[in-house]
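The structure under discussion appears below in the form of structure tokens.
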Number of protein chains: 2
Amino acid sequence: MKEATLRDVAEVAGVSPRTVSNVVNGYARVADATRLKVEAAIAQLGYRPNVLARHLATGRSGQIVVVVPYLDTPYFAELLQAIIPVAREAGYNVLIDQSDGDREHEGRLIGNRSHRSLFDGIIYSPLGLSQEDLSGRDPALPLVVIGERTSEAQFDHVGIDDVAASTEAVRHLIGLGRRRIAAIGDQPYPTGEAAQRRTAGFRAAHAEAGLPVDESLVIGTPRFNRVDGAHAMETLLELENPPDAVFCYSDLVASGAIHTVLSRGLRVPEDIAVIGYDDIEDGRYNRPTISTISPDKEAIARLAVGRLVMRINSDEPVPGVDLRAGHRLVARQSTVGSD
Amino acid sequence: MKEATLRDVAEVAGVSPRTVSNVVNGYARVADATRLKVEAAIAQLGYRPNVLARHLATGRSGQIVVVVPYLDTPYFAELLQAIIPVAREAGYNVLIDQSDGDREHEGRLIGNRSHRSLFDGIIYSPLGLSQEDLSGRDPALPLVVIGERTSEAQFDHVGIDDVAASTEAVRHLIGLGRRRIAAIGDQPYPTGEAAQRRTAGFRAAHAEAGLPVDESLVIGTPRFNRVDGAHAMETLLELENPPDAVFCYSDLVASGAIHTVLSRGLRVPEDIAVIGYDDIEDGRYNRPTISTISPDKEAIARLAVGRLVMRINSDEPVPGVDLRAGHRLVARQSTVGSD
DNA sequence: TTGAAAGCGCTAACAA
DNA sequence: TTGTTAGCGCTTTCAA
């Protein structure tokens, strides 16, 4: 049996398609009597609007794509989990795209115009972003960037205050009496902007406590993965004077670092306290559980989707803004111990 | 500037829209001279087909949805990572839907007809499936189920041979000289069909080795999470005669179980060997690294997408089949130790 | 408030 | 091999 169309409904209700459309969309006001007739017909036929046709007519696809570097990285998976329901509520389907951390790919999607009919906007959570990455893009395509920030002001950024959050993390370690604090995850190059903000917070906390920063304790890593954390920690443990605490730029890094510490027969947090970043679920089950900076992922999702929808619905060009979501420090065993 | 349409191209090339359509889709054969003209026009105008319009005209949306219980469960994330590129290659966009392990939700999506215009088929990876879950669904909507199997033969299943895989896992433990082997993850109720197949393999391995099964060592869990594993392990350790090896129905369960063992001051694998299931990336970084059954996720993805596409393109009803992907046992530290 | 009708951009049956 | 043309199902301008 074929699906009922709007025209069928109109016929049964004895009105014009136009009126049915009005009822379905609640656009214009419709006389109560007419509305009732139409609604009855809709129910009778089991009519459901054809979304595709609607999109063709309106020129909107009702889809947004969310680009993340990796799907199986807990932080991104959790971010997606927060975004999807919010988008759905706003009437958008979410297309998930994985960039594989691949610059080429990321650029390709944002730059080219083949999308047009496929999606109305992009929420983009890059691994690292350089100026050119975004400046070459199609300015007509609504875009909201999560996490990274650049000086360019033509699009929106959503994120937490990384500098403040990082400062709190390190302040927490200092408050615990630690004095030789290391940082794992610095990326002192153009695309490592997010990492650099954490490093800035790290320095700020030292400064406010009147503590010097031992530069040999600031370790760079190509990514924010477990292996990176494990390796960096090995480097730190080989120092003449190893640290008594470590600020890791992700929970994954922290997990790797802890792994190394424990396998050397040292204790966490007694010998070395470790704090991470992201508050991924894994951290709550790690042994020891991982202290962390917990970004408000729901707020990030709400802000990003809200802003994107606004952009999609606005005709004039919208100036880019910086939207801040909240965060909080969660102290767990890896810094304060078990009891 | 407006986007160029197929009609524009036709005009510039001096041919009919029909011909342009043929060139773009490679349907009918087109004279070389005409093709060249058309291609030139396409290039000149920067024409890109409007996917939406095409879908409206063909009655296909070009999208498939993949339903997984949780996005942040590593196994499902990795599965999705395998499916997406395969689907894309086949010309389909993947819509990811999260069921939250919620029965209601799963049923709703499969059952109702509101999709029609939204997607052409579903790949469904349920947490557990009961007979009714699928029998009430719209038979016209192409569906491939990953993992679960039921006796119903109206749709396709893709999965590895769980019984054989589980047998291998337990055989591995027996081969290591273990004699009191526990199983964590049984679900002896209708929706626990996948779990039951693992239990069957567990028993089969015992049978073939002439070993009795101590029923008190078969522990049920509501889910396959870390917590479930951790709790079950506690139960096992409280037994008068605890096991010397454990077969866990997921790597997450294994991770939780190992957590418990270690926190009791026991060693893995010396005191208790642990093997998991799924081969999630996490297992390679766990301390100790986790031995596991590694399903061929790429094969699963290929089989599922291939079958779904076939179903979408076929007019007559297609009989359901059972498609088997490969698997292999990966021995890591949690069973064979560090060196 | 509602009707008539012209598209949205593409496909495909029918003809030539 | 290519052109003509009628939709796909919905929205929306213009009239009434």
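By convention in this document, chain letters (A, B, ...) are assigned in the order of the sequence lines, proteins followed by strands, and residues within each chain are numbered from 1. Being a predicted model, the structure only gives us computed values, none of them experimental.
- Between the B/Glu78 side chain and the B/Glu281 main chain, a donor and an acceptor come within less than 3.5 Å of each other.
- Note: CG (B/Asn50) to C1' (C/dG7) measures 14 Å, nearest angstrom.
- Judged purely by atom type and a 3.5 angstrom limit, B/His327 has no side-chain atom pairing as donor or acceptor with the backbone of B/Pro295.
- Taking atom CG of B/Leu36 as the reference point, atom P of D/dT1 lies 16 Å away to the nearest angstrom.
- Atom pair A/Asp8:CG and D/dC10:P shows a separation of 9 Å (rounding to whole Å applied).
- Separating the CG atom of A/Leu52 from the P atom of C/dG9 is a distance of 14 Å, rounded to the nearest angstrom.
- A close approach under 4.0 Å does occur between a side-chain nitrogen or oxygen of B/Thr19 and OP1 or OP2 of D/dG3.
- Taking side-chain N and O atoms only, A/Thr5 has no distance below 4.0 Å to OP1 or OP2 of D/dG9.
- Between the P atom of C/dC8 and the CZ atom of A/Arg60 lies a distance of 17 Å, rounded to the nearest Å.
- Side-chain proximity of B/Ser16 to the nucleotides C/dC10, D/dT4, C/dG3 is greatest for D/dT4.
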Discussion item. For A/Val305 and A/Ile83: C-alpha separation, side-chain torsions, deciding distance, then whether side chain to side chain contact (heavy atoms under 4.5 Å, CB included) applies.
Written reply: CA-CA 7 Å; A/Val305 171; A/Ile83 292 177; 4.0 Å; yes
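- Using a 4.0 Å heavy-atom criterion, one finds that A/Ser21 contacts the bases of the nucleic acid, with or without backbone contacts as well.
- Judged purely by atom type and a 3.5 angstrom limit, B/Asp120 has no side-chain atom pairing as donor or acceptor with the backbone of B/Ile64.
- With DNA chain C read from its 5' end, the first of the two nearest nucleotides for A/Ala33 and A/Arg7 is the one closest to A/Ala33.
- Of the listed nucleotides (C/dC10, D/dC10, D/dT12), C/dC10 has the atom at the smallest distance from the side chain of B/Leu6.
- Using a 4.0 Å heavy-atom distance criterion, A/Val15 is classed as a sugar-phosphate-only contact.
- Atoms CG (A/Asn22) and P (D/dT11) sit 9 Å apart, rounded to a whole Å.
- The listed nucleotides are C/dT1, D/dT12, C/dG9; the one nearest the side chain of A/Thr34 is C/dT1.
- Between the P atom of D/dC8 and the CZ atom of A/Arg48 lies a distance of 21 Å, rounded to the nearest Å.
- Using a 4.0 Å cut-off between charged nitrogen and carboxylate oxygen, A/Arg88 and B/Asp97 count as a salt-bridge pair.
- Along DNA chain D, the nucleotide nearest to B/Thr58 and the one nearest to A/Thr58 differ in position, and the one closer to the 5' end is contacted by B/Thr58.
- Of the candidates D/dG3, C/dC8, C/dC10, the closest approach to any side-chain atom of A/Ala57 belongs to C/dC8.
- Rounding to whole angstrom units, CG of residue A/Leu56 and P of C/dT11 are separated by 11 Å.
- Listed nucleotides: C/dT2, D/dT13, C/dT11. Nearest to the side chain of A/Arg18: D/dT13.
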